[in-house]
J.: 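Have a look at this one before I ask anything.
Here is how names work: the chains are called A, B, and so on, in the same order as the sequence lines, proteins then strands, and each is numbered from 1. Everything numeric in this text was worked out from a predicted model, so none of it was measured. Values below: every heavy atom of this structure, side chains too, minus hydrogens, waters and symmetry copies.
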Amino acid sequence: MKEELIQSYSFVFEEELLEEISKIGIYKEFKADDYLIEIGDYIKSMPLLLNGAIKILREDDKGDELLLYFLEKGDTCAMTLTCCLGKSRSNIRAVAETDGSLIMIPIEKMEDWLTRYKSWRNFVFDSYNIRLKEMLEAIDTLAFMNLDERLYKYLTDKAKVLGKTQINNTHQEIAYEMHTSRVVISRLLKALELNGKIKLHRNNIEILEF
DNA sequence: TCATTAACACGGG
DNA sequence: CCCGTGTTAATGA
């Protein structure tokens with residue numbers, strides 16, 4: 001665990017803090033499609049992502065999902081920061097996109113470190129900024145982009161976090177995460193294929209152009 | 001006009 | 001056969 005921690009965070013935290021994290025943090029592995037945080041959960045620790053990717057979803061009152069953004073190695077969930085400090089419940093759902101691992105930090109420590117380590121403070125604030133930016137981007141995408149542009153962004157984003165050009169999702173799953181129907185996804189995917197941006201296979205979409 | 005819903009045919013595993 | 005996919009017609013916002 002120490003090695004993985006250093007590999008992902010040695011440029012972010014000083015030696016002393018890394019030492020303390022490895023001593024106190026709880027190492028956890030997860031599998032793709034694991035539910036890591038459910039809406040309404042109380043958050044009692046903060047995750048540092050070591051490997052893999054996690055998607056952050058919002059749910060509307062009808063129970064339909066909407067993908068907000070992905071977390072990658074070196075990220076933390078800004079939602080847990082607000083939840084921990086404010087001691088409120090989670091407004092989002094976190095689902096593992098790939099297999100991976102993370103370290104859980106108890107909230108008492110995270111407050112303690114805020115005063116003791118400059119690098120920790122910077123990390124927390126940076127995470128906030130990055131997440132806020134991502135959130136704005138998600139809003140822009142929803143408000144100003146057409147469905148076909150959203151779909152293409154969804155595919156390229158996904159390819160980026162997975163680190164490959166092949167995406168193993170059915171049209172139905174994509175439709176669900178984008179909050180629309182499969183017919184539309186099928187039609188738009190077909191259009192993207194005709195434009196030479198992607199190649200369609202069964203249970204598998206290949207990105208040709210970014 | 002464009003998304004959604006339902007229905008159906010095709011075909012690969 | 002089952003399921004993912006491609007398409008169409010009807011309906012609604």
J.: Are a donor atom and an acceptor atom from the side chains of A:Glu4 and A:Tyr27 found within less than 3.5 Å of each other?
T.: yes

J.: Classify the side-chain pair A:Glu65/A:His179 by whether it contains a donor and acceptor separated by less than 3.5 Å.
T.: no

J.: Which of these nucleotides, C:dT7, B:dT4, B:dG12, is closest to any side-chain atom of A:Arg202?
T.: B:dG12

J.: Of A:His179 and A:Arg182, whose nearest nucleotide on DNA chain B comes first from the 5' end?
T.: A:His179

J.: If I take atom CD1 in residue A:Ile185 and atom C1' in nucleotide C:dT7, what distance separates them, rounded to the nearest angstrom?
T.: 16 Å

J.: Distance check needed: B:dC2 P versus A:Leu188 CG, whole Å only.
T.: 12 Å

J.: Quickly work out the A:Met178 CE to B:dT4 P distance and round it to whole Å.
T.: 10 Å

J.: For A:Thr170, which contact category applies under a 4.0 Å heavy-atom criterion: base, sugar-phosphate, or nothing?
T.: sugar-phosphate

J.: I need the CD1-P distance between A:Ile205 and C:dG4, as an integer number of Å.
T.: 13 Å

J.: Given atom CG of A:Leu200 and atom P of C:dG4, what is their separation to the nearest angstrom?
T.: 15 Å

J.: Between C1' on C:dC2 and CG on A:Asn203, what's the gap in Å once rounded to a whole number?
T.: 13 Å

J.: Which listed nucleotide (C:dG6, B:dA3, B:dT5) is nearest to the side chain of A:Val183?
T.: B:dT5

J.: Between C:dT5 atom P and A:Ile167 atom CD1, what is the distance in whole Å?
T.: 13 Å

J.: Check the distance between B:dT5's P and A:Arg187's CZ and give it to me in whole angstrom.
T.: 14 Å

J.: Answer yes or no: is there a donor N or O on one side and an acceptor on the other, between the side chain of A:Thr115 and the main chain of A:Asp112, under 3.5 Å?
T.: yes

J.: Compute whether any side-chain donor of one residue and acceptor of the other, for A:Glu14 and A:Ser119, lie under 3.5 angstrom apart.
T.: yes

